[in-house]
Amino acid sequence: MKTKEIFDLSIKLGIDSDFRGTDGVQKLLNKRKKKYDSLTDKEYFDIESLTNPYLDSRIHNISEDKEIKKVLAGIDVDTAELLLAKQLGDIDLVIAHHPVGKALASLGDIMELQADVYNYYGVPINVAESLNRQKISEVSRGVSASNQQKSVDSAKILGINFMNSHTPADNLVAKFLKDLIEKENPETIEDVLNLLKEVPEYKEASLNGCGPKAITGSPENRCGKISITEITGGTEGSSRLMEALSQAGIGTTIAMHASEDHRKKAEASHVNIVIAGHISSDSLGMNLFLDELEKRGVEVVCFSGLTRVKRI
Ligand SMILES: [Fe+2]
Ligand SMILES: [Fe+2]
């Protein structure tokens, strides 16, 4: 496979597991095309947005458009990790999970997905969009302060093919957890925790002291309706959505991670939050993608926090 084929595969997997469905994703792309057509000055329009629904995931550098035989995949990739890739000598492509470069600058845009995910679980779209919009502008302002091109510059100097897959991989985790919860239908928080600990990535994290935890609610609490609202969609959304979730009839939500503000708002609204784990969840999503690469004959080596578990 070539770098572009690997990247396109990750986007396709993201769309296939998107809460909005393929029609919803197509609607988003059509909306962007309409906007593009209406512009007289197209210089600053992000052309990639016409085909890629997940702008927090991009190809950052192709030094050599060769057949990719071996990839090095990790959660966070900066100059140190790229130097390690160079040192290994036989790595054709480095794949990061967390966004860098222009993908990091687009982190706010991807959060639009969250309004649809909350809506999927019963939060009225007007409430979800309104709360989400405030948070999007906050996140966009936040990332604009970062030195986003740093690792991309390093990849260019080192001559390393470099891409990242963020929301496509997180969509895979969200779909995986949704299917698991719907199949096993856990009754109590403790049941949810035990169920998560059966997933190898979460089991490994538990052994390393950062396994699934309930941060609001007691283990004996009944779950009520469970939502998978804090797994995909860029980064943590508005904490005020916790109250909206409660009003929508959600008793428990499963999150990758949650801030103290989120925890307090959830507690005040009697929503149980189960933290699945951040890097373990990111590993799970990347593993589901990397399995597809291995199936196509690409060798995978992991680093930077990615616990490799194969399901093939
Ligand atoms: Fe993630
Ligand atoms: Fe993450």
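Just so you know, ligand 1 is whichever comes first in the structure, and atom 1 is the first atom listed for that ligand. Here the structure is a predicted model, which is why all the values come from computation and not from measurement.
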Margin query: Salt bridge check, Asp23 against Lys27: does any charged N sit closer than 4.0 Å to a carboxylate O?
Written below: no

Check: Does atom NZ of Lys203 have more than 12 heavy-atom neighbours, drawn from other residues, nucleotides or ligands, at distances under 6.0 Å?
Finding: no

Margin query: As a test of reading the structure, name the N/O/S atom of Asp282 that is nearest the Fe ion (ligand 2).
Written below: OD2

Check: Which value, rounded to the nearest 0.5 Å, describes the distance between Leu29 atom CG and Arg32 atom CZ?
Finding: 6.0 Å

Next item on the list: Would you verify whether the NZ or CZ of Lys42 falls within 45 degrees of the ring axis of Tyr36 while also being under 6.0 Å from that six-membered ring's centre?
Entry: yes

Notebook entry, point to check: Are any N, O or S atoms from His98 nearer to the Fe ion (ligand 1) than 2.8 Å?
Noted result: no

Item checked: Any N, O or S atom of His97 closer than 2.8 Å to the Fe ion (ligand 2) -> no

Next item on the list: Please name the atom of Asp170, restricted to N, O or S, that is closest to the Fe ion (ligand 1).
Entry: OD1

